[in-house]
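In this chain, residues are counted from 1 in sequence order. Just so we're clear, the structure is a prediction, and the values are computed from it rather than from any experiment.
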Amino acid sequence: MTGPSEGTPEGTPGESHDAAHDAAHDAAHDAAHDAAHAHAAGRVPRIPGPRPAGDDLEPPEPVPAPPPPPHRVLKSLLGAWALAACSAEETRAVEDHLTECAPCAEEALRLRDAVGLLHPEETLDLKPLLRSRVLEDCLGRRPARIPVPAWAGPYDTETARLDALLRDFGEAEWDTPVRLKWFQEERRRTRRTTVSGVIGHLLTVDGLVATALGLDDPLGPHAPPGGPEGRTEHFWSSDARPGTGAVRDPWREQGHTLVRTVSFAGRGAAELTVDYGPFALPLADAFLERAFECWVHASDIAEAVDYPYGPPSGPHLHRMIDLAARLLPTALAGRRRSGLAAPPRGLVAAGAPGRTLHLEIEGAGGGSWDIALDSPAAKPSREHTVAEVALDGIEFCQLAAGHISPQDAAVGQTGDREAIRDVLFAAASLSRL
């Protein structure tokens with residue numbers, strides 16, 4: 001082993017620590033001395049002092065906004081802006097530009113109008129009012145020499161709408177099962193048939209109107225006596241009836257003939273009476289009744305084939321609701337004779353005011369009607385109103401068609417509960433096969 005080199009003093013650990021401490025103290029003293037001299041000489045020390053508080057700093061200079069895009073760029077964005085396809089920054093730039101550039105503003109308006117013509121995909125059904133608007137515009141330019149009576153307009157429209165639904169049916173659609181619904185003897189009734197069977201039903205019942213006008217009966221000379229139900233059952237059971245879609249042509253041709261005949265007949269035709277067997281209606285009311293049933297069964301067909309089908313136009317719907325409201329006193333009296341409604345509380349002379357129910361129909365085609373409660377010959381009177389009922393127009397029609405029961409109808413009602421019940425059941429009793 002070798003020892004320490006010669007000439008190197010060997011000391012104790014305590015002595016080495018004291019020497020290091022003295023050296024550090026001398027270095028710190030020298031640094032402080034140099035800093036004092038530097039400060040006195042005006043020099044910046046190498047170690048900066050503490051910074052001032054943030055709140056004492058001067059605000060930064062504002063960054064200037066970028067210049068707007070050139071005119072050609074903004075003009076190229078007008079199409080995207082009209083379609084609302086620009087970013088927020090582009091939209092802001094375009095709209096700022098439109099306040100300053102008249103040509104671009106005019107172009108933007110034209111593009112926005114053009115975008116308004118772009119519609120999403122819709123059903124192939126024509127809108128209910130489209131046919132009426134086209135006819136009104138055509139007749140405004142050249143009035144018809146032989147106009148269709150106003151009371152025949154709903155029938156003309158509803159048969160055309162149903163025919164448009166049937167036009168594209170194939171063999172499978174014509175055989176689609178359809179369930180007909182009506183209200184009879186205090187409960188709902190149903191009958192299963194097909195699309196072809198429904199059109200045959202409409203054909204045979206329209207035949208009652210045809211015979212009243214002196215036209216051929218679609219059932220031929222051996223048509224059974226009676227009302228719509230017997231005629232329909234005879235047609236369905238006949239071996240000579242048209243098959244599947246073949247029934248559409250005679251039904252449509254008969255409808256055209258009915259409208260054409262009453263148009264040429266003039267005002268005198270409205271005074272004719274159509275015999276339905278259990279009851280009769282003036283020709284004008286019979287046309288409204290046929291329009292109503294055409295719409296109801298068209299909805300049944302559309303539901304069976306899962307296709308959307310809208311209600312009639314407001315004016316036509318109003319005429320149908322008005323017919324049902326006018327038939328309510330007679331229907332109520334018939335139920336009373338059968339023991340299905342409460343007896344009258346006070347008979348009055350014909351034309352004298354009696355107990356009244358106020359019927360308010362809301363929505364398109366709506367209005368208000370006063371219904372005589374005790375006798376069809378009594379005069380409705382607001383002073384003698386004992387009950388009020390409010391119903392949506394479409395729901396009232398569904399009730400009158402027997403598609404909903406009186407208990408299920410969403411009715412706003414106040415007053416005599418018995419009178420309200422009798423009128424709602426009378427409305428449902430207007431339906432039939």
Side-chain angles (χ1 to χ4, degrees), residues 149-151 154 183 267-276 278-289 291-292 314-393 395-397 399-402 406 409 411-432:
W151 43 264
F183 186 85
R267 296 181 179 179
E271 300 175 0
L272 297 175
T273 299
V274 179
D275 184 10
Y276 283 81
F279 62 95
L281 289 175
L283 184 65
D285 288 346
F287 264 84
L288 288 174
E289 186 273 336
F292 178 79
H316 290 176
L317 189 62
H318 178 82
R319 285 179 174 270
M320 299 176 193
I321 294 173
D322 176 71
L323 172 63
R326 288 189 284 111
L327 293 176
L328 283 177
T330 302
L332 180 56
R335 286 178 54 82
R336 188 174 286 127
R337 287 191 298 269
S338 301
L340 300 176
R345 295 189 183 178
L347 292 176
V348 296
R355 286 195 316 140
T356 301
L357 179 139
H358 182 70
L359 177 64
E360 191 75 28
I361 302 299
E362 301 171 345
S368 59
W369 289 264
D370 291 323
I371 311 300
L373 293 174
D374 292 326
S375 171
K379 180 181 178 181
S381 171
R382 294 305 297 270
E383 290 75 17
H384 293 77
T385 298
V386 298
E388 295 185 5
V389 169
L391 266 171
D392 175 73
E395 188 158 16
F396 176 76
C397 291
L399 175 64
V411 181
Q413 52 186 279
T414 181
D416 191 327
R417 299 285 177 171
E418 185 180 65
I420 293 171
R421 179 188 180 280
D422 286 344
V423 168
L424 292 180
F425 272 82
S429 70
L430 295 174
S431 63
R432 64 173 188 282

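- Leu357 is not listed as a side-chain neighbour of Asp422, based on a closest heavy-atom distance of 4.5 Å or more.
- Put simply, CZ on Arg319 and CG on Asp322 are 8.5 Å apart, with the number rounded to the nearest 0.5 Å.
- Annotation: the span from Glu360 atom CD to Asp370 atom CG amounts to 9.5 Å, rounded to 0.5 Å.
- Minimum heavy-atom separation, Ala409 to Glu395: CA-OE2, 3.5 Å.
- Cys397 and Phe292 make their closest contact through O-CZ, 3.5 Å (heavy atoms, listed as atom of the first residue, atom of the second, distance).
- The two atoms that bring Pro329 and Pro376 nearest to each other are O-CG, 3.7 Å, heavy atoms only.
- When side chains are defined from C-beta on, Arg382 counts as touching Thr385, because their heavy atoms get closer than 4.5 Å.
- You'll find the side chain of Val423 stays beyond 4.5 Å of the side chain of Gln413, heavy atoms only.
- Contact annotation: the side chain of Ile321 approaches that of Phe396 to within less than 4.5 Å [non-hydrogen atoms, C-beta and beyond].
- With hydrogens and angles disregarded, no donor-acceptor distance shorter than 3.5 Å links the side chain of Arg336 to the backbone of Ala341.
- Atom-to-atom distance recorded for Asp374:CG and His384:NE2 is 10.5 Å, nearest 0.5 angstrom.
- For the pair Val274 and Ala286, the tightest heavy-atom approach, listed with the atom from each and the gap, is CG2-CB, 3.6 Å.
- Of all heavy-atom pairs between Leu332 and Ala372, the closest is CD2-O, 4.4 Å.
- Within the 4.5 Å cutoff, the side chain of Arg335 has heavy atoms near those of the Ser429 side chain.
- Side-chain contact between Leu281 and Leu327 is present, with heavy atoms from C-beta onward closer than 4.5 Å.
- For Arg432, the salt bridge (Lys or Arg N to Asp or Glu O under 4.0 Å) partners at least two apart in sequence or on another chain are Glu289, Glu293.
- Using a 4.5 Å cut-off on side-chain heavy atoms (C-beta onward), Leu399 and Leu430 make no contact.
- In this structure, the side chains of Val386 and Arg345 stay at 4.5 Å or more apart for every pair of heavy atoms.
- Nearest heavy-atom pair across Ala280 and Thr273 is CB-CG2, 3.7 Å.
- Put simply, CG on Leu328 and CG on Leu359 are 7.0 Å apart, with the number rounded to the nearest 0.5 Å.
- Of the possible donor and acceptor atoms, none in the side chain of Ser375 sits under 3.5 Å from a partner among the backbone N and O of Leu373.
- A donor-acceptor distance shorter than 3.5 angstrom exists from the side chain of His318 to the backbone of Gly366, with no hydrogens or angles considered.
- Here the side chain of Ser431 pairs a donor or acceptor atom with the backbone of Phe183 at under 3.5 angstrom.
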